[in-house]
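Since this is a predicted model, take the numbers as computed values, not measurements.
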Amino acid sequence: MKRFSSFLFLSFVILTTASIACTNFIVTKGASVDGSTMITYTADSYMMYGELYHFPAAKYPEGAMLEVFEWDTGKLLGKIKQVRETYNVTGNMNEHQLAIGETTFGGRGELTNPKGIIDYGSLIYITLQRAKTAREAIRIMAQLVEEYGYYSSGESFSIADPNEAWILEMIGKGPGVKGANWVAVRIPDGYVSGHANQARITKFPLNDPDNCLYSKDIISFAREKGYFSGKDADFDFAAAYSPLDFGAIRFCDGRVWSLFRRCNSTMDKYLSYIKGENLERMPLYVKPDKKLSVQDVMGLMRDHYNGTELDMTTGVGAGPYGNPMRARPLTWKYNGEEYFNERPISTPQTGWSFISQSRSHLPNEVGGLLWFGMDDTYTTVWFPVYAAVTDVPENYRKGLGSLSHFTWDSAFWVFNAVANFAYPRYNVVIDDIKTVQNQLEGQFLLRQKEVEEKAAKLLSSSRAECLLFLTNYTKESGKTVYNTWKKLSEDLLLRYMDGVKKNEYFKTVNIGYPDDFKRQIVSESGDRLKVKKLPGEKEASIGDHINNAKDLIKKKDYVSAKSELESLLKLDPGNSWATAELKKVNDLLRAIEDLHNKNFGMQ
């Protein structure tokens, strides 16, 4: 999603872009446990409604035209030539196992072309309908913007097929100028990469077309504009077209660092970069310490910087129950100084997300798989959606509800109901949510081998039967998730309403505050909230202390008597009887101590 120009005043940049930012993680074939290439994508925006798109395969007559609407706003941008045949696309993957994700880095605002016809969202979905491989996708994307003009600001695209994974970064050439400045780098097999709203490609090889492709004038254009003046070999795409600012590092590269740090043990050294203490950028890709499974990747995409000094579940901002959500805006001012909240991978404004699997060892109909989920990644459930299916689950389909139309029929609203119920009482209810989440995802992962073996067997005799089976399984999986999560929303309300919880017998159990939060309350309020004795209660208490002291003196328990008398004097400092008795007790205790030392040679 969009992140506007780094050249605007920093606070304006952060304020206007905080709600429209995404995260991508890329896993190459050799870095995954099962030989999948994987892409993750979170569609993060307060204006993004969660839907699962579907574009059926189709054939068109010669001369047909395609209307292009801006993905973010629905604005008609123009028409382009339609191809004779398009491929089936489900979500962000097509029937050939090609998957594409994105994050917007914005870059230089003067390079946006308001007369362009191809925006970044249309570029993804048009390309998915026309390309079979990652390399073909890069070629088609470059051709489309060259012929029709690129409408959007700077963009990073993740592009993967069953064998390769690439990052393509693109920015326009300015008002009225068709084409784009772009560079695409193949992630080496066995490595992982990521991007999160800041351009990540810096220097790149100029003569290695197997691993790097770029627009012919990418360097000369930068020279003409005054963005670069060095040798070609020293050209840095990000420095020229999207220079760093504090927000780009902390809010954007910070998320990439949090992905990298949890799969590569050497990444802690870049924490000082993330904190803005130096400009030593992270590498474009790293080798994970171990190969990653789909379940591992799911875990990576659930993150609040947990366990680091950026951890959002701690501190006063997290409230009494470790809430990782922070009130917007992302930056705020106090006493003339500007401050900020962290921006994690898991965030409330996620409309939908996916983890793609493209697998060369399986036929396309079976190998292409999206794990799709609604809302915040920490509280979503990713369920299997096979890319070649002919229909999608009812509660996830496009057009069911909207940001201005609530309906319980929409999975988007059901997942938001659970997440928003959880935020203010996070630590109290999150385990309930994670338990159901793990059960559902575990069930799907456990069944995956069985389902795919059956689908492959059906495919050997009938492609139609295979697709029908996978379509039904996808729809049933989505329905199971929807029904279970709707029931969970009801159960949470039933169990945790009104600031208490109910036990297994539905009897009230007080939740209370943790000690750290109690300490903050006492520190702030002093004695204002301290329970006080009423006057009558105070007199009765004095009488109790007098009687107790007399009784203890009678029993010759002088140490306890001293304590009672001291407590009495705290309540009634002018009590002459207590003062006199305390002096006698203290004198007696000193005399006993002296006698003890004399008799037992302790002097």
Check: A240 main-chain N/O paired with R108 side-chain donor or acceptor under 3.5 Å: yes

Side-chain donor-acceptor contact under 3.5 Å, H195 with D253: no

Derivation and outcome, ring-ring contact (aromatic ring centres under 6.0 Å, His included), residues F354 and F372: CA-CA 4 Å; F354 71 76; F372 188 83; 7.7 Å; no

Side-chain donor or acceptor of T435 paired with backbone N/O of D431 under 3.5 Å: yes

N-O pairing of R302 and E441 below 4.0 Å: yes

E453 side chain vs Q448 backbone, donor-acceptor pair below 3.5 Å: no

Which atom of A184 lies closest to which atom of I138, heavy atoms considered: CB-CD1, 3.8 Å

Centroid separation Y396 to F412 less than 6.0 Å: no

Side-chain H-bond candidate by donor/acceptor type, S346 with T377, under 3.5 Å: yes

N-O pairing of D296 and K290 below 4.0 Å: yes

L98 side chain near T133 side chain, heavy-atom distance below 4.5 Å: no

Exam field: side chain S215 to backbone N181, donor-acceptor pair closer than 3.5 Å: no

Closest non-hydrogen atom pair between T202 and R281, with its separation: CG2-NH1, 3.9 Å

Intermediate values then yes/no, side chain to side chain contact (heavy atoms under 4.5 Å, CB included), N163 and T37: CA-CA 7 Å; N163 295 299; T37 61; over 6 Å; no

Parallel, tilted or perpendicular: ring planes of F237 versus Y241, cut at 30 and 60 degrees: tilted

Least distance between heavy atoms, L440 atom then T480 atom: CD2-CG2, 4.0 Å

Expected output: side-chain N264 to main-chain K287 donor-acceptor under 3.5 Å: yes

Whether N197 side chain and T23 backbone form a donor-acceptor pair below 3.5 Å: no

Heavy-atom pair with the smallest gap, counting every atom of D119 and W71: OD2-N, 3.0 Å

Summary of ring pair (Phe, Tyr, Trp, His ring centres under 6.0 Å) pairs that have at least one residue in residues 266-294, sequence neighbours excluded: Y191-Y285

Within 6.0 angstrom of Q295 CD, more than 12 heavy atoms from elsewhere: no

CA sep, side-chain torsions, deciding dist, call: V481, V381, side chain to side chain contact (heavy atoms under 4.5 Å, CB included): CA-CA 7 Å; V481 170; V381 173; 3.8 Å; yes

Side-chain donor-acceptor pair present, E155, T104, cut-off under 3.5 Å: yes

Pairs satisfying salt bridge (charged side-chain N to carboxylate O under 4.0 Å, His left out), at least one member in residues 210-221, at least two apart: K173-D217

S353 side chain to W382 side chain, donor-acceptor N/O pair below 3.5 angstrom: yes

Sub-4.5 Å side-chain heavy-atom contact between W352 and Y41: yes

Modelled atom types, side-chain donor and acceptor of D34 and Q357, under 3.5 Å: yes

Side chain proximity check, P393 to L52, heavy atoms < 4.5 angstrom: yes

Plane angle bin for Y53 and F55 - parallel if under 30°, tilted between 30 and 60°, otherwise perpendicular: tilted

Distance-only polar pair, side chains of T313 and H304, donor-acceptor under 3.5 Å: no

Any side-chain heavy-atom pair of T90 and Y386 under 4.5 Å: no

Charged N-O contact under 4.0 Å between E164 and K29: no

With K132 via side chain to side chain contact (heavy atoms under 4.5 Å, CB included) - residues at least two apart: Y87, H96, E136

Salt bridge (charged side-chain N to carboxylate O under 4.0 Å, His left out) partners of residues 349-369, not counting sequence neighbours, each pair once: R359-E452, E365-R463

Donor-acceptor pair, side chain of T28 and main chain of G190, under 3.5 angstrom: yes

Pairwise distance CD1(I39) to CD1(I100) - rounded to 0.5 angstrom: 7.5 Å

Derivation and outcome, ring-ring contact (aromatic ring centres under 6.0 Å, His included), residues F246 and F340: CA-CA 11 Å; F246 177 78; F340 64 91; 5.3 Å; yes

Aromatic ring pairing F204/Y214, orientation class (parallel under 30°, perpendicular over 60°, tilted between): tilted

Ring geometry between F415 and W485 (parallel below 30°, tilted from 30 to 60°, perpendicular above 60°): parallel

Side chain to side chain contact (heavy atoms under 4.5 Å, CB included) against E450, all qualifying residues, sequence neighbours excluded: R447

Polar side chain donor-acceptor pair, D289 to S265, under 3.5 angstrom: yes

Check: Y227 ring centroid to F235 ring centroid under 6.0 Å: no

Presence of salt bridge, R250 and E342, under 4.0 angstrom: yes

Residue of the set I430, T347, T350, I345 for which side chain to side chain contact (heavy atoms under 4.5 Å, CB included) holds with Y378: I430

Any side-chain donor near an acceptor of the partner, N24 and S158, under 3.5 Å: yes

Check: S356 side chain, L370 main-chain N or O, donor-acceptor pair, under 3.5 Å: no

Sub-4.5 Å side-chain heavy-atom contact between M267 and V286: yes

Where at least one partner belongs to residues 189-203, residue pairs that pass salt bridge (charged side-chain N to carboxylate O under 4.0 Å, His left out), sequence neighbours excluded: K203-D234

Rounded distance (nearest 0.5 Å) linking atom OG1 of T42 with atom CD of Q349: 8.5 Å

Heavy-atom closest contact (I187 atom, I26 atom, distance): CG1-CG2, 4.4 Å

Backbone N/O of N88 and side chain of E95: donor-acceptor pair under 3.5 Å: yes

Shortest non-hydrogen separation from S272 to N278 and the atoms involved: OG-ND2, 2.8 Å

Any donor-acceptor pair under 3.5 Å from Q97 side chain to M93 backbone: no

D303: which of R343, R255, R262 passes salt bridge (Lys or Arg N to Asp or Glu O under 4.0 Å): R262

